[in-house]
Amino acid sequence: MKDPRREGIARYEEAGRDYLRKRREQRQAMRRARFDTIAVHGMYSVDEAFRQGQGGIIEPIFPSTSQGYRDSDEMEAGLAYRIPTWCYSRIINPTNSFLEDTLSLLEAYGCPFDASAFCTSSGMAAIKQAVEPLLALPEEGGAGVNFVSSAQVYGGTFQLFNVRLRERRAAVRWVARPWETAEWEACLDENTRFLYTEMPSNPQQACSDLEALAQVAHRFQVPLIVDSTIATPALMRPLRHGADVVVHSLTKTVGSGGAAIGGAVVARHDMTSRHLAAEARADYATWLKLWPGRDSGPCMSPYSAFFFLNDLRTLRLKVERFSESTMAVARFLAGHPRVESVDYLGLEGHPLHALAARYMRLADDDRPMFGHLMSFTIRGAAADARRFFDRLQRVFRATDLGRIKSVATIPAISTHSQQGEEGRRLAGIPPTMVRLCVGGEHPDDIIQDLDQALAGT
Ligand SMILES: *Cc1c(COP(=O)(O)O)cnc(C)c1O
């Protein structure tokens, strides 16, 4: 006997399979497009524009909290994830999905495998979501779990690892010199769950040899996670070098317009992890979104996704400009008598210049480029750095970076104040350090502002 209810569901499933088949074909076609084309269009094709209703040439914002279903069959199939659906905006939202499509295409650019993305309310939410399932404690006692991380990470990440995760009995093992692969190797054991590095790090611009690090991780069958916020996919795509998961604060260079906070977890399909279930490993980012994300609610607002989509279209163009301007500013500062040292990966004298140049190359261009984050130390004491800082007129004083507008901060009293003097020493942050992120202004005007501010120190 036929079950009419099953038939109803089967009808929706059939339509769902058709749609997914079309999307797979379209995704394959987009994977063959060049970087800028992907950044501009993502998966929002002309066909998709009409499927969304009005044919708008940019992705619409879907503020709706939830999706209405045609009948009970569609609802049942939708809530069980048996058909493509977005149910409720805590779980999935169509605008966010367009952003996830574009980001995952860009991170998997040039890879023989594909990836997926999960967008979150902030970069910190992305990092927390990415690492938590990997740290599940064994059911029975045991020796506890650990993970190995570069000590040169964003201040918030340092706190998350050093305080919040310790509270949950996951021990972080810090690597002081993350460019020395041997230091990582010495930290791993059978209870290690993942390796975590930030490249280049904020603000010290530490780098790791990603390919060597991925080999170490995979020897222990654990994933390598890379915070690639500063590089952005326009300069570096860690998945291509063996990383399993990339995390981003989209708030920064990806969202250079400065209108929204957001983050993303981008994971390659079939990632390495002997601790995750096969189902989670197969498509980690989607699994995070559909299951743990559904229960904890770190979702991005669709309004934010709209800003990120628009900023992302011109990412490569901007990063090229930012990188060139930052080089000009770095050379100016390096020759200034009031400046003690300049830290910019683009300067040939930087000890990590060669390592960075191996990994950081402008997409579809292949010239080494180093982005717009740099730092320098002012000669003298903390008070001298503050005097210089207070005299800046065009450069904004803000705990921020990655902007189309130049911004500067003193890390010791802002981003890295929480971790205390001891933590700052470990991370190499002196009180005279100024972090500068050069924007899209003409570099001569930024140099002029720095010059007049330095004259007053
Ligand atoms: C800012 C930043 C974060 C945190 O991102 P939010 O969006 O501010 O939560 C993480 N990593 C790096 C490298 C950052 O610069």
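Whatever order the structure lists them in is the order used to number ligands and atoms, beginning at 1.
In terms of protein heavy-atom proximity, atom 4 (C) of ligand 1 is closest to Y154 CE2, 3.4 Å. Of the protein's heavy atoms, T251 OG1, 2.7 Å lies nearest to atom 7 (O) of ligand 1. With hydrogens left out, the protein atom closest to atom 11 (N) of ligand 1 is D227 OD2, 2.6 Å, a heavy atom. The nearest protein atom to atom 6 (P) of ligand 1, hydrogens excluded, is given as G123 N, 3.3 Å; this is a heavy-atom distance. K252 NZ, 2.9 Å is the protein heavy atom nearest to atom 14 (C) of ligand 1.
Looking at ligand 1, you'll find an N or O of M124 within less than 3.5 Å of one of its N or O atoms.
Note on ligand 1: A126 sits outside its first shell, no heavy atom being nearer than 4.0 Å.
In this structure, F220 has its ring center at least 6.0 angstrom away from the ring center of W184. Note: H353 and F370 meet the aromatic proximity criterion, with ring centroids under 6.0 Å apart.
Salt bridge status for R316 with D364: absent, with no side-chain N to carboxylate O gap under 4.0 Å.
In this structure, CG in L315 is found 7.5 Å from OG in S256, a value given to the nearest 0.5 Å.
Numbered from 1 in the order shown, with element, the atoms of ligand 1 that lie under 4.0 Å from a heavy atom of E198 read 13 (C). Residue-ligand proximity, G262 to ligand 1, at heavy-atom distances under 4.0 Å covers atoms 7 (O).
A donor-acceptor pair is defined here as one N or O able to donate and one able to accept, closer than 3.5 Å; such a pair exists between the side chain of Y344 and the backbone of G371.
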Kindly list each side-chain donor-acceptor pair under 3.5 angstrom involving residues 263-272, sequence neighbours excluded, with atom names and distances?
| residue | atom | partner | partner atom | Å |
| --- | --- | --- | --- | --- |
| H269 | NE2 | S116 | OG | 2.7 |

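Shown here is R34, whose CZ atom has no more than 12 heavy atoms of other residues, nucleotides or ligands within 6.0 Å.
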